[in-house]
Amino acid sequence: MTAPVFVVEHFDADSGRYVLDGPEGRHAVSVKRLQPGEEVVLTDGTGRHAVCEVIGSEGKDRLIVHMSSIFEEPAPSPRITVVQALPKGDRGEVAVETMTEVGVDAIVPWQAARCITQWRGERGLKALGKWRATAREAGKQSRRVRFPRVADAATTKQVAALLAEADFAAVLHSDFEHESRPLATAELPAEGEIVLVVGPEGGVARDELTLFEEAGAKPYVLGPTVLRTSTAGTAAAALLLGRTGRWS
C-alpha cells in the first residue's frame with residue numbers, strides 16, 4: 001500500500017518539521033491513527049508534493065511530520081479532458097469519482113439539451129461544489145498528487161469552442177445510425193489536448209452533434225452496447241490512457 005495523501009495549502013517548513021492540522025490533521029490523527037515512522041504524502045493537488053515521515057501528534061488534529069524534499073510532478077501528456085453531460089441524482093459524483101481514479105485531467109460539466117438535471121442558481125452551485133469535493137477526495141484516495149480540475153458548467157457553445165482548440169476531439173454517442181468509428185481505432189496525438197464529450201442518458205441531440213462536428217470533433221462509439229453516461233467517460237478515458245501510453 002502506498003502512503004496516504006493529504007492536501008495542504010503551502011509547504012513552509014521549519015527545519016524540515018511540518019504540522020498538518022485542520023480537517024486533514026484530524027483525519028490523519030483521529031481516523032487514520034498514523035504512528036511515528038509511517039510515511040505520508042502532502043500535496044497541493046497541482047503536482048507539488050512531499051513524502052514525509054511521521055514524527056508524532058499533538059491532540060486530536062495535529063500531525064507532526066518531517067519534510068525533506070519537495071517535488072513537482074510534471075503535467076501529463078497528452079492531457080485528457082472529459083465533458084460530462086449532467087446525469088440524474090448522484091450519478092454525477094460517481095462519474096467524477098471514477099474518472100478521477102483512472103487519471104482524467106479535467107472534467108467539464110455540460111448542460112446538454114436532453115439532460116433531465118438542471119443546474120440553476122444555488123442548486124447548481126451546490127452540485128458543482130459536490131463534484132469538486134468528490135474530485136478532491138477521489139484524488140487523495142487514488143494517491144494522486146495532481147487532481148483533476150472541475151470547471152464551471154458549460155453551455156453547448158462553450159463545449160464547441162473547447163473542441164475547436166483540441167488536438168483530438170471526440171463525441172461519444174448512442175445513435176448507431178449516425179456514421180461513427182470505434183474509439184479503439186482512433187488515431188491519437190502523442191501530446192497536446194484530448195477532449196472527449198460524453199452525452200446524457202437521452203443521447204447527444206442532432207443539432208449538438210452537428211455543432212460539435214463543425215468544431216472539428218468526430219463521433220465515436222465504444223462498442224456494440226450502450227453505457228450509462230456515468231460510466232462511459234470512465235471507460236473511454238481508461239481506453240485512451242492505455243492507448244496513449246500514460247498507463248505504460
Side-chain angles (χ1 to χ4, degrees), residues 75-88 91-92 94-116 135 138 142 148-151 154 156-248:
S77 185
R79 187 171 182 270
I80 298 177
T81 295
V82 176
V83 177
Q84 174 66 58
L86 306 181
K88 295 181 292 184
R91 288 187 177 275
V94 171
V96 171
E97 180 179 52
T98 53
M99 285 192 288
T100 299
E101 289 172 357
V102 299
V104 165
D105 303 297
I107 301 168
V108 180
W110 172 38
Q111 187 73 66
R114 294 176 178 170
C115 285
I116 296 175
S142 55
R149 176 179 176 270
V150 179
T156 297
K157 287 185 178 180
Q158 289 171 328
V159 172
L162 188 65
L163 293 169
E165 297 176 354
D167 296 284
F168 175 83
V171 181
L172 291 181
H173 68 101
S174 56
D175 183 0
F176 293 107
E177 295 181 1
H178 189 91
E179 183 180 355
S180 60
R181 12 184 136 171
L183 187 62
T185 63
E187 186 176 343
L188 303 174
E191 56 186 21
E193 298 279 339
I194 292 176
V195 179
L196 178 69
V197 175
V198 178
E201 296 293 351
V204 179
R206 287 297 181 94
D207 59 338
E208 291 171 332
L209 187 55
T210 298
L211 184 63
F212 294 161
E213 288 180 309
E214 290 174 351
K218 301 239 180 344
Y220 290 90
V221 293
L222 277 172
T225 59
V226 178
L227 278 67
R228 300 294 298 263
T229 184
S230 54
T231 56
T234 300
L239 173 63
L240 295 177
L241 286 160
R243 291 197 58 222
T244 57
R246 283 184 48 179
W247 273 8
S248 62

Checklist entry - L209 and P219: which non-hydrogen atoms are nearest, and at how many Å? => result CD1-CB, 4.3 Å

Next on the checklist: Atom CZ of residue position R243 - does it have more than 12 heavy atoms of other residues, nucleotides or ligands inside 6.0 Å?
Outcome noted: yes

Side-chain donor/acceptor pairs under 3.5 Å, residues 187-197, sequence neighbours excluded:
residue : atom : partner : partner atom : Å
E193    : OE1  : R79     : NH1          : 3.4

Checklist entry - Within a strict 4.5 Å, meaning less than it, do heavy atoms of the M99 and P148 side chains meet? => result no

Checklist entry - Nearest 0.5 Å, what's the OG-CG distance between S230 and L86? => result 12.5 Å

Checklist outcome for this item: What one should report as the nearest heavy-atom pair of S142 and T100 is OG-O, 4.2 Å

Next on the checklist: If I compare all heavy atoms of T229 with all of A85, which pair ends up nearest, and what's the gap?
Outcome noted: OG1-O, 4.1 Å

Checklist entry - Who passes salt bridge (Lys or Arg N to Asp or Glu O under 4.0 Å) against R246, sequence neighbours left out? => result D105

Checklist entry - Nearest heavy-atom pair of L172 and A232: which atoms, and what distance? => result CD1-O, 4.1 Å

Checklist outcome for this item: Closest non-hydrogen contact found for T234 with A95 is OG1-O, 4.0 Å

Checklist outcome for this item: Closest non-hydrogen contact found for A237 with V102 is CB-CG2, 4.2 Å

Next on the checklist: List the residues meeting side-chain hydrogen bond (donor to acceptor under 3.5 Å, both in side chains) with Q158, not counting sequence neighbours, and say none if there are none.
Outcome noted: T155

Item to check | Sequence neighbours excluded, every pair satisfying ring pair (Phe, Tyr, Trp, His ring centres under 6.0 Å) that has a member inside residues 180-221 | outcome: W110-F212, F168-Y220

Item to check | E208 vs R114, side-chain contact (heavy atoms from CB on, under 4.5 Å): CA-CA, chis, key distance, verdict | outcome: CA-CA 10 Å; E208 291 171 332; R114 294 176 178 170; 5.7 Å; no

Item to check | Test log, rule side-chain contact (heavy atoms from CB on, under 4.5 Å), inputs T98 and T231 | outcome: CA-CA 8 Å; T98 53; T231 56; over 6 Å; no

Checklist entry - In chain order, what residues pass the salt bridge (Lys or Arg N to Asp or Glu O under 4.0 Å) check against E97, with sequence neighbours excluded? => result none

Next on the checklist: Restricting to salt bridge (Lys or Arg N to Asp or Glu O under 4.0 Å), what partner residues turn up for R228, sequence neighbours left out?
Outcome noted: E201

